[in-house]
Amino acid sequence: MVSLLTPRARRPRTSVSQPTRGYRVFQGVNGVVLTLVVLVTLYPFVNIIARSFSGEGHIRAGEVALWPKGFNLTTYRIVFQDSMFWRNYGNTVFYTVVSTVIAMVLTTCYAYVLSKRDLKGRGLLVGVAVFTMFFTGGLIPNYVLVTSLGLKNSVWAIALPNAISVFNLLVMKAFFESLPVELEEAAEIDGLSTYGILLRIVLPLSKAVIATMVLFYSVSFWNSWFSAYLYMDRTELMPVTVYLRNLIAGATTGGNAGAATEQLSQVGANIQAVTIVLTSLPILCVYPFVQRFFVSGVMLGAVKG
């Protein structure tokens, strides 16, 4: 009797290729090299933090490496107990936020316009922007211009003269040019205006480049001190970078202050380390929240087929 049952069809086995010996060697060497790069990158930061908490004698003797020696909080105490420090710190946050918002609005609009290949006068607009990368008006004409416009002692003296970075502008322009034209054409057919296309189509697909530009502008405005030093006349309007600059100058030139000599020596020994820690900490706290946009797939799911 012939069985009518057929044996169950077996699924073909998928062969999983084992990594070759050369590939395993490459992975090992790559891991070692990247680990060394990470260690070399982290060492200066750890050393700066250790120096900011170390005593004067150990710093001047070069004994501080990765761990504080002669634990000392003199400089931190002097800085934190000064009410002007917190006033200037708040000014820095305000100046950075306002300047970054203005810079992002102007840079995004300018870059989006330049990304239109059929725009009349596009070459002239690009040339004007690139020209400013190599030629500037100079310090004195800029000072006269800001003063004549009545921008001194205000946030506009910091935000407006540095509102557009040509490098950031060209990066955003190149990114906008890489977006599929079909998306904007479809949105235009659906009835969206130019501003609607920018706000509802282009910007949601540009989170990575926008996050990058926000980080670049924020770091630039946060670390900027010369513009405020030039255009601000009152101490209560200064950013924290100018405050710390004055603290460094006072610590290095105040060695003849008599009774305060020992305290000033300690401040002069690790004021640079404390300055770097205080100015870098906010950016280091913000960066992890921005980093995820650097590696995200910007066009994922935007175009099918």
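All figures in this text were calculated on a predicted structure; none of them were measured in a lab.
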*asked:* Donor-acceptor check, side chain of Y76 to backbone of S52, threshold 3.5 angstrom: yes or no?
replied: no
*Count the heavy atoms belonging to other residues, nucleotides or ligands that lie under 6.0 Å from CD of E188, then report whether that count exceeds 12.*
no
*Give the ring-plane orientation class for F176 versus Y112, where under 30° counts as parallel, over 60° as perpendicular and anything between as tilted.*
perpendicular
Quiz: residues 149-164 side-chain donor-acceptor pairs under 3.5 angstrom, not counting sequence neighbours:
from, atom 1, to, atom 2, distance (Å)
K152, NZ, Y143, OH, 3.0
K152, NZ, D233, OD2, 3.3
N153, OD1, D233, N, 2.7
S154, OG, L151, O, 2.5
N162, ND2, I158, O, 3.3

*So, the side chain of T100 versus the backbone of V97: is there a donor-acceptor pair under 3.5 Å, distance only?*
no
*Out of curiosity, L139 CG to L230 CG, how far, rounded to the nearest 0.5 Å?*
5.5 Å
*asked:* Is it the case that the side chain of N142 and the backbone of G138 share a donor-acceptor pair, with hydrogens and angles ignored and the cut-off at 3.5 Å?
replied: yes
*asked:* Check whether S206 reaches the backbone of V209 with its side chain - one donor and one acceptor, N or O, closer than 3.5 Å.
replied: no
*In Å and rounded to the nearest 0.5 Å, what is the CZ to CG distance from F175 to L170?*
15.5 Å
*Y89 side, atom OH; T279 side, atom OG1 - distance, nearest 0.5 Å*: 7.5 Å
*In this structure, are over 12 heavy atoms from other groups packed under 6.0 Å from R200 atom CZ?*
no
*L198 CG to L192 CG distance, which is reported to the nearest 0.5 Å*: 11.0 Å
*asked:* Are there over 12 heavy-atom neighbours, none belonging to F80, within less than 6.0 Å of that residue's CZ?
replied: yes
_With no hydrogens and no angle check, just 3.5 Å: does a side-chain donor-acceptor pair link T107 and Y217?_
yes
*When the ring centroid of F216 is compared with that of F167, is the distance short of 6.0 Å?*
no
*Is there side-chain contact between Y243 and D82, with at least one heavy-atom pair below 4.5 Å?*
yes
_Shortest non-hydrogen separation from M104 to M213 and the atoms involved_ = SD-CB, 3.6 Å
